[in-house]
Amino acid sequence: QVQLVESGGGLVQAGGSLRLSCAASGSIFSINAMGWYRQAPGKQRELVATITSGGSTNYADSVKGRFTISRDNAKNTVYLQMSSLKPEDTAVYYCNANIITRVLRTSDYWGQGTQVTVSS
């Protein structure tokens, strides 16, 4: 069993900052890419940022220069530092990880989601 547990969401004013964390636990052999996605009401889930096990990053154009993804491989944790937040960043943010379990099965796992609300 593998679990992803997110934390750090909340309500913030436009221009403010938040930091999301996502910790993976359970029967983990290793973790490949990790990432953050978001889903706003009435919209499809979209990619926000991803990071490989080697630290290479990829960002959605809408968050480039404002969000920073990072990871701590020793803690099986991925972070999303969000700055200069805009009302359009309001969404449920989901953590994703591609994980090889101890029985050497590779699957994608998702966190439960954390709400980020940016007020204008």
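Note: hydrogens, waters and symmetry copies are ignored here, and every other heavy atom, side chains too, is used. Every value quoted in this text rests on a predicted model; they were computed, and no experiment measured them.
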Does a donor on one side chain and an acceptor on the other come within less than 3.5 Å for R38 and Y93?
-> yes
Do V63 and V92 share a hydrophobic cluster (ILVMFWY, side-chain heavy atoms under 4.5 Å, transitive)?
-> no
V78 reachable from V2 in the ILVMFWY side-chain graph, under 4.5 Å edges | yes
Where do R71 and I51 come nearest, in terms of heavy atoms and distance?
-> NH1-O, 3.3 Å
For residues K86 and S120, determine if any side-chain heavy atom of one lies less than 4.5 Å from a side-chain heavy atom of the other.
-> no
Stepwise side-chain contact (heavy atoms from CB on, under 4.5 Å) check, R45 with W110 | CA-CA 12 Å; R45 190 173 297 190; W110 292 88; 3.2 Å; yes
Identify whether L85 and Y59 are in the same connected component of the hydrophobic contact network (ILVMFWY, side-chain heavy atoms under 4.5 Å).
-> yes
To the nearest 0.5 Å, tell me how far M34 CE sits from S70 OG.
-> 10.5 Å
Rounded to the nearest 0.5 Å, how far does CD1 of I31 lie from OG1 of T77?
-> 8.0 Å
Measure the shortest side-chain to side-chain distance between V116 and L20 over non-hydrogen atoms and say whether it is less than 4.5 angstrom.
-> yes
From I100 CD1 over to S27 OG, what is the distance, rounded to the nearest 0.5 angstrom?
-> 12.0 Å
Compare all side-chain heavy atoms of L80 with those of E6 and state whether any distance is below 4.5 angstrom.
-> no
Rounding to 0.5 Å, atoms OH (Y79) and OG1 (T68) come to a distance of 14.0 Å
Would you confirm whether the ring centroid of F67 sits within less than 6.0 angstrom of the ring centroid of W36?
-> no
Do the side chains of I99 and T106 get nearer than 4.5 Å, heavy atoms only?
-> no
Can you find a pair of side-chain heavy atoms, one from Y94 and one from L4, that are under 4.5 Å apart?
-> no
Spacing of OG belonging to S30 relative to CG belonging to N73, to within rounding of 0.5 Å | 10.0 Å
Would you indicate whether the side-chain heavy atoms of N58 and L47 approach each other to under 4.5 Å?
-> yes
Do N76 and I28 come within less than 4.5 Å of each other through their side chains, counting heavy atoms only?
-> yes
Indicate whether the side chain of T117 and that of Q115 have a donor and an acceptor atom separated by less than 3.5 Å.
-> yes
Do the side chains of S17 and Q81 get nearer than 4.5 Å, heavy atoms only?
-> yes
Look only at the side chain of R66 and the backbone of S84, and say whether a donor-acceptor pair between them is shorter than 3.5 Å.
-> yes
For the residue pair D108 and N98, what are the closest heavy atoms and their distance?
-> OD1-ND2, 3.0 Å
